[in-house]
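All values below come from the heavy atoms of this structure, side chains included, with hydrogens, waters and symmetry mates left out. Predicted model only: the values in this text are computed from it and were never measured.
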Amino acid sequence: MNLKSILTLLCIIVCYNAFAQKPEIRHVVTHNRSTIICDPKGENPYPAWGIFPKADYPVRKITMHVTLGSPDSLHTAHWDYLDHIVLRRKGGAHGTGLNYELGRMLTPYGSIYNKGWSWKWQVDVTDFAPFLRDSVEVVYVHSGYEDKTVGWALTIDFEILSGPPVVTPLGITTLWNKAYKYGDPKEKIEENLLPISYESISGAALSRIRMQHTGHGMDRPRGCSEFCSRWRQLMLDGKVVDRRDMWKKCGNNPLYPQGGTWIFDRAYWCPGDLQQPDVIDVFTKPGSHKVSLQMEPYIATDNIQAVENISAYLFHYSAPKQKIDVAVESIMVPNDEQRFSRLNPASSAPRISFRNLGADPVRSLKIVYGTDGFPSKTFHWKGNLPFNQVAEVILPGEIQEKDGKNVFNVVLIQPNGKKDAWSADNEMKAVFTAPEKFPSEFVLQFLTNKQPKDNSIFLVNAQQDTVFRKTASQLAAVTLYTDTIRLAKGSYSLCLIDTSANGLQFWAQPANGDGYLRILDMKGNLIHAFESDCGTGEMFSFKAIPGFEMDTATGRYAFSLYPRSVVDQTQLSVVSNKLSDMTVQITVDGVLWQKHEYKSVKNAVFSYDLKHLPTGRIIVEAFMDGVSKFKGRINKRG
């Protein structure tokens, strides 16, 4: 072979490898702002079709993005409903019926959301890749039981990343898929949640059990299943492979505040959340196997209605195809995505996660990271990460940025000191907005509520040094603390922490009182207000600049509506940095009952008589110069 032929062959090989490592991203949207309407009769299906890649298309990963928004022609639904996203069939209207649950949506309390509001969640559905092919029917099953004047705008978008599969899918076995009674002495759950036997498919080395599981109902004495913690145990061939308490803390939900009891911890779910499934991988040998699921024994004594809603599938896979294979899972900090809103914006300590997709445990890794346009940094990670597990890493250093939008970049290289089998998913970029500029001198106002021992405040710089603090031991109840803060030029984060996860005010707990945390400039103008209904707390990051003055033309407002659990009256307080015309509307189930108009409002308190309003949920909305700036819920008692 002559030199020209050799060079041509090398060029072909290089070009082929470059093409093979370059992934393609496709999107299949089945529901595009589809109107989901509640119905007093209960559950309703909303089917739609999507055209997915052909069977021979190489799929590396499929992420299902689910967006709920305020509908165009209806009010936003009020309650926390259990909704299912189901892969009903593939291959056309007469195709194979499947009825696999792709995802489980627990809707938020939406009564305080206006037109234009939306929130986006995501979940990995790669396990269903063999069925997300060709023509597929996806059904959103809504369980809303309100009247037909409320609902959601729904979008379901499947993001498909091309590339070599991590494992070869060989088959699926449905395990349990229904709502099982719990605590019922006449129908014990173990009588229905029966063990299941299966045979390993030829070539299978990995049994993956994927479960969606939530508890519902409100019995006595424990409030099961929505408000009781109980354990669940998964066994394979007589050995416990997973055991956990079916309980989830909700006070740190990224979607906050909501119009209902969003902070209350629940039975493995929270309002306003697309549940992430439990995925349990067990490497198995050929032959017969038995899988069983056990719930903590429990018998209710009254109002017996608890159910455990479970869908579980066993996926048969080959062994991992590669020994060394890692992928970036997410960039959490810095990132403008809604799901990371509690962590951002941030001035330092970038946070990422990565997944091991290879057979060998990952013990070392280089992480190269930084903002585009600035020098990159390298972090040497060490650990012991098994197959399909995720490691979260907080990276050292400040986050560099220019004003406005930026792009943060992460690259994983040399896992275990070797070449990655498929490097195309070793890099990720995230768009983020730089923290806003802020005066280096300002006044901090902190009004404690009646439970000050729950709260503390920390102001830290980019090196994570604490430059100001107020700890719980320093605080008295219902006391206004006013502190003048003077900072050197640099980046800072002010953190409010609530250890009881009920914020400085929560409408369903009026006995805790009403508190706030606000920042004023040296002239007494409001420049930032923390959300009092914040659950576990809130963070505000900024860049302190000596001599900087905030834009006085932009309106900044802080509102307090208290009490919110009422019999006859409530008060709305308003603090702002400018004079504004204000309109307050008070509605019940979308019907306007009161309207109040005020001129030239800046700092004021208004009282409202609610005696003649019906009992139940009342919405108070404040418009400043014609723009809605506050919407809060009241619950009127009889």
Next item on the list: Identify, with sequence neighbours excluded, every residue that meets side chain to side chain donor-acceptor pair (under 3.5 Å) alongside T479.
Entry: none
Notebook entry, point to check: Mind checking what makes side chain to side chain donor-acceptor pair (under 3.5 Å) contact with Q258, not counting sequence neighbours?
Noted result: none
Next item on the list: Let me see the working for E401 and T371 under side chain to side chain donor-acceptor pair (under 3.5 Å), right down to the final yes or no.
Entry: CA-CA 7 Å; E401 81 282 322; T371 305; over 6 Å; no
Can any side-chain N or O of [X] pair as donor or acceptor with the backbone N or O of [Y] at less than 3.5 Å?
| X | Y | value |
| --- | --- | --- |
| T448 | V478 | yes |
| K115 | P71 | yes |
| E597 | T583 | no |
| S493 | V460 | no |
| S348 | A462 | yes |
| D302 | R220 | no |
| N461 | T466 | no |
| E538 | E531 | yes |
| R564 | F506 | no |
| K437 | I545 | no |

Notebook entry, point to check: Regarding R342 and the six-membered ring of Y256, is the cationic atom NZ or CZ under 6.0 Å from the ring centre and inside 45° of its axis?
Noted result: yes
For residues [X] and [Y], determine if any side-chain heavy atom of one lies less than 4.5 Å from a side-chain heavy atom of the other.
| X | Y | result |
| --- | --- | --- |
| P108 | W152 | yes |
| V443 | M522 | yes |
| V584 | Q594 | no |
| F542 | Y492 | yes |
| D581 | K599 | yes |
| D521 | F442 | no |
| E392 | M332 | yes |
| D278 | Y268 | yes |

Might you point out which heavy atoms bring [X] and [Y] nearest each other, and give the distance in Å?
| X | Y | answer |
| --- | --- | --- |
| N335 | I331 | ND2-O, 2.7 Å |
| D245 | S229 | CB-OG, 4.0 Å |
| A267 | S225 | CB-O, 2.6 Å |

Next item on the list: Before giving the answer on ring-ring contact (aromatic ring centres under 6.0 Å, His included), spell out for Y369 and F379 the whole-Å C-alpha distance, their side-chain angles and the decisive distance to 0.1 Å.
Entry: CA-CA 8 Å; Y369 63 100; F379 178 76; 7.4 Å; no
Notebook entry, point to check: Hey, mind stepping through D454 and Q451 against side chain to side chain donor-acceptor pair (under 3.5 Å) and telling me if it holds?
Noted result: CA-CA 6 Å; D454 297 343; Q451 300 293 329; over 6 Å; no
Any chance [atom1] of [X] has more than 12 other-residue heavy atoms, nucleotides or ligands included, within less than 6.0 Å?
| X | atom1 | answer |
| --- | --- | --- |
| K120 | NZ | no |
| E549 | CD | no |
| W79 | CH2 | no |
| K523 | NZ | no |
| K249 | NZ | no |
| K453 | NZ | yes |

Going by the angle between their ring planes, with limits at 30° and 60°, are [X] and [Y] parallel, tilted or perpendicular?
| X | Y | result |
| --- | --- | --- |
| Y598 | H596 | parallel |
| F408 | F432 | perpendicular |
| H142 | Y81 | perpendicular |
| H612 | W593 | tilted |
| H528 | F530 | perpendicular |
| F354 | W381 | perpendicular |

Note to self: What verdict does the side-chain contact (heavy atoms from CB on, under 4.5 Å) test give for K470 and L444, after you've listed the backbone C-alpha separation in whole Å, the side-chain angles of each residue and the deciding distance to 0.1 Å?
What the structure shows: CA-CA 11 Å; K470 279 197 181 298; L444 191 64; over 6 Å; no
Checklist line | Reported CG-to-SG distance for the pair N252 and C270, which is rounded to 0.5 angstrom | finding: 7.5 Å
Item checked: Listed partners of E436 passing salt bridge (charged side-chain N to carboxylate O under 4.0 Å, His left out), at least two apart -> none
Next item on the list: Could you give me the CA-CA distance, side-chain angles and deciding distance for Y562 and Y516, then say whether ring-ring contact (aromatic ring centres under 6.0 Å, His included) is met?
Entry: CA-CA 12 Å; Y562 183 82; Y516 62 75; over 10 Å; no
Next item on the list: Evaluate the side chain to side chain donor-acceptor pair (under 3.5 Å) criterion for residues Q338 and S341: first the C-alpha distance (whole Å), next the side-chain angles of each, then the deciding distance (0.1 Å), finally the verdict.
Entry: CA-CA 5 Å; Q338 289 174 310; S341 58; over 6 Å; no
Checklist line | The single option from K248, E226, R104 passing side chain to side chain contact (heavy atoms under 4.5 Å, CB included) against W269 | finding: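 Checked K248, E226, R104 against W269; only one passes side chain to side chain contact (heavy atoms under 4.5 Å, CB included): E226.
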Check: Name the one of N114, D589, V150 that satisfies side chain to side chain contact (heavy atoms under 4.5 Å, CB included) with H75?
Finding: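 In the set N114, D589, V150, the residue that makes a side chain to side chain contact (heavy atoms under 4.5 Å, CB included) with H75 is V150.
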Next item on the list: Kindly indicate, with the supporting measurements, whether the criterion ring-ring contact (aromatic ring centres under 6.0 Å, His included) is fulfilled by F630 and Y557.
Entry: CA-CA 9 Å; F630 171 80; Y557 307 97; over 10 Å; no
Next item on the list: Under the side-chain contact (heavy atoms from CB on, under 4.5 Å) rule, what do F606 and M582 come out as? Steps first, then yes or no, please.
Entry: CA-CA 11 Å; F606 304 94; M582 183 173 86; 3.3 Å; yes
Notebook entry, point to check: Between W121 and L68, does a side-chain contact (heavy atoms from CB on, under 4.5 Å) hold up when you go through it step by step?
Noted result: CA-CA 9 Å; W121 300 264; L68 290 180; 3.9 Å; yes
Next item on the list: Answer yes when R230 and E308 have at least one side-chain N-carboxylate O distance shorter than 4.0 Å, and no when they do not.
Entry: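 Here R230 pairs with E308 in a salt bridge, since their nearest N and O are under 4.0 Å apart.
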Notebook entry, point to check: Knowing that exactly one of D514, D533, N512 qualifies, which makes a side-chain hydrogen bond (donor to acceptor under 3.5 Å, both in side chains) with Q505?
Noted result: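 Passing option: D514.
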Checklist line | Polar contact flag, side-chain donor to acceptor under 3.5 angstrom, T67-H65 | finding: no
Checklist line | Stepwise side chain to side chain donor-acceptor pair (under 3.5 Å) check, S565 with R637 | finding: CA-CA 7 Å; S565 181; R637 309 186 305 275; 2.9 Å; yes
